[in-house]
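The block underneath contains the structure these notes are about, expressed in structure tokens.
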Amino acid sequence: MDDLELTRRIRAARPDLPLRGTPLDAAATQTLQQITTETGVRRTARRHPVYLSVAAAVAVFLAVTVGAFFAARPAPVYAAATPPLLQITPIDGSAKDLFMQLSSHMKEPASQGDIRFQSWSLSLTVGEDSSIESVAVEPEVRTVQHSLDGSRIEVRRGAPYDSFGNPIETSAYHVGELIWAEEFEPGAFPYVYGEPPTTAEEFRPYLQQVSGRPDMTSGDYLLELNSLLGERSLSVEQTRAALEFLAVLPDLDVEGRVVDRLGRPGISFASTSRLPDEYVDRVIVSTEGAGILSIETTYVGHDRTDIQAPAVINYTAWE
């Protein structure tokens, strides 16, 4: 059984529970309130942090539980403030025309192979009795290296900042310290995605095959691209194909010119198709020929109590 088939089976076996970020219904909310207000829970001196930035399909299961606890009991831990909203300058042109223009100006990257990106990810601190002791959003810097000698994933702590983009001084951890790392022998890396296509026409079935869903929205495709770019470095031809595929999506609209989280100029395209009136998914494409700079999601709903809309709840910015 190959990795793709394993991923399909894991996704098919996923319980029928809400995904991370999906608002809870009344019954689920009541149940979570009962759990989180229960008295007499044993606390231990030893704590075990669990970082939910694991590779491949295991994250599918973790996201279900984490999403429920994140909505019910956020913890005021360092870096708990959400990132600042992007400053958008309107621009003329349709999404299709702009995507095609950007795809035609792609440049060869200075180096290929290694993947490095900054992101916000959810972490839990779990006691010895398996109780959730804290939940926090923490910035991370991840490097994924593939070579003939094997592969390596390395995750280090990023620099926290407040909702205005100002750096936060914290003694809770050291920026740059190693969170976790894992080595893989040649051929052992658990790829979820096969070799990316080089034509726009092939990208839709390529992403659908991995997700197992033929009815994907524009927002769903952006999330799949986010996962793809986390494990594979795309060539110029593959990136051009991805942009030309995005150009034909019906509900991916132009927002305007922006400067991304790493200070680079680009054009932002957004969609509310995945969860209308709740979340906005966006992709930022470089105006300097560097391809996809970042993908992020903003909460715009009214039901969450842990954050106030509009609030950026996650982002990935590739270096």
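This structure is a prediction, so every number in the text was calculated from the model and none was measured.
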Determine, for Arg232 against Glu195, whether the closest basic-nitrogen to carboxylate-oxygen distance falls under 4.0 angstrom. yes
Cluster link Val192 to Leu223, ILVMFWY, side chain under 4.5 Å: no
Please name the pair of heavy atoms, one in Pro197 and one in Glu202, separated by the smallest distance, quoted to 0.1 Å. CB-CB, 3.4 Å
Any Arg204 side-chain heavy atom under 4.5 Å of Leu249 side chain: yes
Single-linkage hydrophobic cluster, 4.5 Å side-chain cutoff, Leu246 and Tyr206 together: yes
Interatomic distance, Gln145 atom CD to Glu183 atom CD [nearest 0.5 angstrom]: 8.5 Å
As an exercise, state the distance from CZ of Arg152 to CG of Asp114, rounded to the nearest 0.5 Å. 11.5 Å
Students often mix this up, so state it plainly: with edges at 30° and 60°, are the rings of Phe189 and His146 parallel, tilted or perpendicular? perpendicular
What residues, two or more places apart in sequence or in another chain, satisfy salt bridge (Lys or Arg N to Asp or Glu O under 4.0 Å) together with Glu255? Arg282
In short, Gly266 meets Ile284 closest at the heavy-atom pair CA-CG2, 4.2 Å
Would a single hydrophobic cluster contain both Leu102 and Met106, if residues Ile, Leu, Val, Met, Phe, Trp and Tyr are joined by side-chain heavy-atom contacts under 4.5 Å? yes
Value for CD (Glu224) from CZ (Arg213), rounded to nearest 0.5 Å, stands at 8.5 Å
What pair of heavy atoms forms the shortest contact from Tyr279 to Val300, and how long is it? N-CG2, 3.9 Å
Geometric class of the Phe99/Phe269 ring pair [parallel <30°, tilted 30-60°, perpendicular >60°]: parallel
Would the distance check show the side chain of Ser271 and the main-chain N or O of Asp251 forming a donor-acceptor pair, the cut-off being under 3.5 Å? yes
Side chains of residues 85-95: which donor-acceptor pairs under 3.5 Å do they make with residues two or more places apart or in other chains?
unit_1: Ser94; atom_1: OG; unit_2: Asp97; atom_2: N; d: 3.2
unit_1: Ser94; atom_1: OG; unit_2: Asp97; atom_2: OD2; d: 3.2

Do Leu98 and Met100 make a side-chain contact, defined as non-hydrogen atoms from C-beta onward lying under 4.5 Å apart? no
Before you tell me yes or no, could you show the steps for Thr272 and Asp253 under side chain to side chain contact (heavy atoms under 4.5 Å, CB included), namely the whole-Å CA-CA distance, both residues' side-chain angles and the distance that decides it to 0.1 Å? CA-CA 9 Å; Thr272 60; Asp253 300 321; over 6 Å; no
When rounded to the nearest 0.5 angstrom, what is the spacing between OG in Ser233 and CD in Gln238? 8.5 Å
If you apply the rule side-chain hydrogen bond (donor to acceptor under 3.5 Å, both in side chains), what do you find for Gln118 with Glu319, and how did you get there? CA-CA 8 Å; Gln118 300 186 21; Glu319 297 184 1; 3.0 Å; yes
Taking C-beta and beyond as the side chain, do Leu228 and Leu234 meet within less than 4.5 Å on heavy atoms? yes
If we only count heavy atoms from C-beta on, is the Leu229 to Ile115 side-chain gap below 4.5 Å? no
Qualifying ring-ring contact (aromatic ring centres under 6.0 Å, His included) pairs with a residue from residues 209-229, counting only residues at least two apart or across chains: Tyr221-Phe245
Main-chain N/O of Ala181 paired to Glu154 side chain as donor or acceptor, under 3.5 Å: no
Answer yes or no: does atom CZ of Arg257 have more than 12 heavy-atom neighbours from other residues, nucleotides or ligands under 6.0 Å? no
Tested for side chain to side chain donor-acceptor pair (under 3.5 Å) against Arg274, the lone hit among Asp281, Thr217, Asp220 is Asp281
Would you say Tyr299 and Val280 make side-chain contact, with heavy atoms under 4.5 Å? no
Taking every heavy atom of Phe184 against every heavy atom of Pro190, the minimum-distance pair comes out as CE2-CD, 3.4 Å
Test Val283 against Leu225 for side chain to side chain contact (heavy atoms under 4.5 Å, CB included), laying out the working first. CA-CA 10 Å; Val283 58; Leu225 274 175; 6.0 Å; no
Verdict with supporting geometry, Ile292 and Trp318, side chain to side chain contact (heavy atoms under 4.5 Å, CB included): CA-CA 8 Å; Ile292 296 175; Trp318 290 270; 4.1 Å; yes
Quick check: does any side chain N or O of Glu278 sit under 3.5 Å from a backbone N or O of Leu275, one acting as donor and the other as acceptor? no
Should Leu252 and Met216 be regarded as members of a common hydrophobic cluster, given that ILVMFWY residues are connected when their side-chain heavy atoms come within less than 4.5 Å of each other, either directly or indirectly? yes
Is Leu222 linked to Leu293 within one hydrophobic cluster, defined over Ile, Leu, Val, Met, Phe, Trp and Tyr using a side-chain heavy-atom separation of less than 4.5 Å? no
Does NZ or CZ of Arg261 lie under 6.0 Å from the centre of the six-membered ring of Tyr315, at an angle within 45° of the ring axis? yes
Glu140 and Val155, any side-chain heavy atoms less than 4.5 Å apart: yes
Please name the pair of heavy atoms, one in Val141 and one in Gly158, separated by the smallest distance, quoted to 0.1 Å. CG2-CA, 4.2 Å
Take atom CD of Glu177 as the centre, draw a 6.0 Å sphere, and report whether it contains more than 12 heavy atoms from other residues, nucleotides or ligands. yes
Residues Thr239, Val236; criterion side chain to side chain contact (heavy atoms under 4.5 Å, CB included); working and verdict: CA-CA 5 Å; Thr239 301; Val236 170; 5.8 Å; no
Give the minimum heavy-atom separation between Ala241 and Thr198, together with the two atoms involved. CB-C, 3.4 Å
Hey, could you give me the OG/CZ distance between Ser286 and Arg264, rounded to the nearest 0.5 Å? 7.5 Å
